[in-house]
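Scope of the values below: all heavy atoms of this structure, side chains included, with no hydrogens, waters or symmetry mates. Proteins get letters first, then strands, A, B, ... in listed order; numbering begins at 1 in each.
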Amino acid sequence: MQRPQGLTRELMAMRVAQEFEDGMTVNLGIGLPTLVSSFLPEGRRVTLQSENGILGFGGISDGDFDQDLINAGGQPITLLPGASFCDSATSFGMIRGGHIDIAVLGGLQMSETGDLANWFVPARGGGSVGGAMDLAVGARKLIVVMEHTTREGEARILRECTYPLTGQGCVDLVVTDLAVIDVTPDGLVLREVAPGVTSEQVAALTDAPLRVPNSVAEMRL
Amino acid sequence: MQRPQGLTRELMAMRVAQEFEDGMTVNLGIGLPTLVSSFLPEGRRVTLQSENGILGFGGISDGDFDQDLINAGGQPITLLPGASFCDSATSFGMIRGGHIDIAVLGGLQMSETGDLANWFVPARGGGSVGGAMDLAVGARKLIVVMEHTTREGEARILRECTYPLTGQGCVDLVVTDLAVIDVTPDGLVLREVAPGVTSEQVAALTDAPLRVPNSVAEMRL
Amino acid sequence: MVARVYDTPAEALEGIEDGISLMIGGFVTAGLPTNLLEALFERGTRGITAITNALNSDTVLDRMCEAGRVDGLVATFAIRASSGKKSHFETLYRAGKVTLEMVPQGTFAERIRAGGAGIAGFLTRTGVGTPLAEGKLEMEVDGETYLLVRGLTADVAFIRAHRADTLGNLVYRRAARNFNPLMATAAGLVIAEVDEIVEPGAIEPEQVHTPAIFVDRMVQAPALPVSWDG
Amino acid sequence: MVARVYDTPAEALEGIEDGISLMIGGFVTAGLPTNLLEALFERGTRGITAITNALNSDTVLDRMCEAGRVDGLVATFAIRASSGKKSHFETLYRAGKVTLEMVPQGTFAERIRAGGAGIAGFLTRTGVGTPLAEGKLEMEVDGETYLLVRGLTADVAFIRAHRADTLGNLVYRRAARNFNPLMATAAGLVIAEVDEIVEPGAIEPEQVHTPAIFVDRMVQAPALPVSWDG
């Protein structure tokens, strides 16, 4: 089967941002998740937290570089009125203590029970953990955003992860270039497909069992 | 034997203060220990810490009462330049983490191995712990200041405490109205006697074994 | 979450039910949320487990005990060793009508911080060999004995701060800080009474003591005088 | 202790010997004590175990690795999952010439805070079921599995702050705070480089981030630019 054309990275980020509700505090992981900050839904007050000790920042800054004002990915950012700084223990207290409504992380693999692997690449024999393990267990809701398959077309959504884990049973929702899938106590449930993609195509590119309801909506972007 | 006349509370406080060296940070417990702040040795920079989150305060204030500026005993205090406030977790982090050079606590009983009992009075069937247990285990050096005997003339320095403990093996030095006694790995050693008091009198009023060196100095006040 | 500002302490308590565990900030006279406590007394809420540093006589909390509103207390100071004025709490405690969990003050602070930070327990030397070690697991680390102590959370926290912005960022005044910022992290519903509420941006980002994420409700109310008989 | 002010970073390192464990504050480009690190490199100190959030290529710490000064690293980020410029550290690590203890960042921060606060260990869910749980005790609390993780201390800490008073009270600028105030509590010898040093009283008592009790030595030195290739 030909792999269908999926969403661009920007559209994936846009779809993730729709999950944010008014008043929520959100942590965006390094890489693709960071893009989500450019697509925050208008009219909803969403507060961004960064694990290096910032609450309430805005977008990426294109002004003069301030070494002391960066997000967890090292990118320069802007501050919004009412922002605050704290030390890393307090910041991870927010995360581990369940005060972050949603964390968005990139993924390498996830399992049908919501295990996540996103920090170590066996083929390269390396990787670094950063704050991912804390975000995985600490956020009230964890959204993973990743390509549905590897560049070689291998499934990333598996019965069990083959890569070293970031966290067990931590993923609540995965947004890929092809689909939106809920992790439920009964396993993975397909919620939406990307425009032009069929449920059958998604299921075929998913190694884990995937429950496909009678009617699956198309993503609205 | 007639109990000899001992030091006044003020003189006991003055003797305790002599233990403070230049640059030290000191926590003074509630009651008699608080008096020590009035006798800080001139020319030595001693920083006072209070477990309710104050570092670098001065003496007791006799100005307008500020509800928000009190020591751990609830007394109004003054601030010195360079003082700072912190929350109680940080304050006890200083204490438990070994950052306080000397803590001074009152005592009800202590043992020959430096156990301290100072919070619960069995006769009254009550007492409250406050910060005493943290100070007992956390301070680098713990000085206990108390009357050598009870009002009824019973020894407070015992082989073993009969009152519920505050901490085990935590006392380094005890200053009483009659003597200064070191707690050493070899037991209690008499260091000084109060003016007009003999080593024999101190030993007779001490239930725990007390090593009396050949020459015992008289306290200089 | 963005904090909501209420007009009166009574309104800030909307929805609070009987049977709650309630953290109360403050140390002796400093940083006590007395407006909220008075409103809670007025409201008639019962079955409260109060988690607070100290219970002193002649305080609103002691009057709540007298009125039978308090089932239990977690505190570092509640029963005096010296004679003096007995609190209503002490009378009830000796009659077996209220419970008391006595906690060393540093452990009390750390338990609340842990509860708010998702730390289920921690190892401290404080209390080893004392009656307060009873029922706690002892562990050896590098030849030293520690107690394993559990984190502590509550349904509701009442705290007092000096200045807030409308988002819920808080700044405390002097030694009124004490347990307030810790309790702000450790309860399901956090209500702050403050001296003044300013616009976002009026507090320097470096000077925020409690970030807005921790605060649910706020009310502007001047500090009430607190009696304290030493 | 009252902090001592030194004229140069090199002088602030007096007495530092080979074989130390060394905490280094900072996060990517923010709040790194680069002046102290350059001075330590210059000094030729060897046998260092570095405890720092991240080791990136083209940094003074990586040059210290290249020069054989570093024996081991405790960090949250040291080996990249993606290809790109390899650090000297990674080359040495793959050759078995340096050790690496990888720690989740929240656990890393909490371990240092615990070390400084006399907490021997704590229970966290972070890392359960992952390779980083290996060798750690698992404990069940209320049906949830936690790892018992140890506190962390060091011989020396290098930190960077914005403003200090001569006693050693520190204020950090923006996100330069990160691990610096934690490390200030957890080392036997704490050396701070700062932008400016003012008289006691010039910093509001409520605005002190690191109380003077934690700081041993200070030196005024402007922040050096830090390279970072993303």
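When the heavy atoms of residues 121-136 of chain A are compared with those of chain D, the residues falling under 4.5 Å are A:Val121, A:Arg124, A:Gly125, A:Gly126, A:Gly127, A:Ser128, A:Val129, A:Gly130, A:Gly131, A:Met133, A:Asp134, listed by number. Contact residues of residues 141-166 of chain A toward chain D are A:Pro164, A:Leu165, A:Thr166 (heavy-atom distance under 4.5 Å).
Between the D:Asp155 side chain and the D:Ser21 main chain, a donor and an acceptor come within less than 3.5 Å of each other. The main-chain N or O of D:Leu36 is found under 3.5 Å from a side-chain atom of D:Glu193 such that the two form a donor-acceptor pair. Not one N or O on the side chain of D:Asn178 forms a donor-acceptor pair closer than 3.5 Å with the backbone of A:Asp87.
For the pair D:Asn56/D:Ser87, no side-chain contact is recorded, criterion being any heavy-atom separation below 4.5 Å from C-beta on. In this structure, D:Ile197 and D:Asp165 have side chains that are not in contact, with every pair of non-hydrogen atoms separated by 4.5 Å or more.
Taking a cutoff of 4.0 Å between a charged side-chain nitrogen and a carboxylate oxygen, A:Arg45 and A:Glu21 do not qualify as a salt bridge. Between A:Arg44 and A:Asp22 there is no salt bridge, since no side-chain N of the basic residue sits under 4.0 Å from a carboxylate O of the acidic one. Note on A:Asp172 versus A:Arg140: no salt bridge recorded, every NZ/NE/NH1/NH2 to OD/OE distance being 4.0 Å or above. Contact check on D:Glu101 versus D:Arg111 returns a salt bridge, with a Lys/Arg side-chain nitrogen under 4.0 Å from an Asp/Glu carboxylate oxygen. Contact check on A:Arg3 versus A:Asp177 returns a salt bridge, with a Lys/Arg side-chain nitrogen under 4.0 Å from an Asp/Glu carboxylate oxygen.
Only the side chain of A:Leu79 comes within contact range of chain D, with heavy atoms under 4.5 Å apart. For chain D, no part of A:Ile95 is nearby; none of its heavy atoms comes within less than 4.5 Å. With a threshold of 4.5 angstrom between heavy atoms, D:Ser82 approaches chain A through N, CA, C or O but not through any side-chain atom. For D:Pro181, the part sitting under 4.5 Å from any heavy atom of chain A is the side chain, from C-beta outward, and nothing else. Residue D:Leu55: no heavy atom, backbone or side chain, is found under 4.5 Å from chain A.
Contact count against chain D (heavy-atom pairs under 4.5 Å) is highest for A:Ala72 among A:Ser91, A:Ala72, A:Gly169. Comparing D:Gly129, D:Ala133, D:Ala223 by how many heavy-atom pairs each has under 4.5 Å with chain A, the most go to D:Gly129. Ranking D:Val128, D:Ile112, D:Ile79 against chain A, the residue ahead of the rest is D:Ile79, based on heavy-atom pairs under 4.5 Å. When each of A:Cys170, A:Cys86, A:Gly138, A:Gly167 is checked for heavy-atom pairs under 4.5 Å with chain D, A:Cys86 comes out on top. Contacts with chain D were tallied for A:Ala89, A:Gly53, A:Ala83, A:Ser84; A:Ala89 has the most, counting heavy-atom pairs under 4.5 Å.
Ring centroids of D:Phe108 and A:Phe92 are separated by 6.0 Å or more, keeping the two rings apart.
Looking at D:Gln220 and D:Asp195, their side chains never bring a donor and an acceptor atom within 3.5 Å of each other.
Every pair passing salt bridge (charged side-chain N to carboxylate O under 4.0 Å, His left out) that includes a residue from residues 113-139 of chain D is listed here, sequence neighbours excluded: C:Glu110-D:Arg113. For residues 57-67 of chain A, the set of pairs meeting the side-chain hydrogen bond (donor to acceptor under 3.5 Å, both in side chains) definition, not counting sequence neighbours, comprises A:Asp66-D:Arg173, A:Asp66-D:Arg174.
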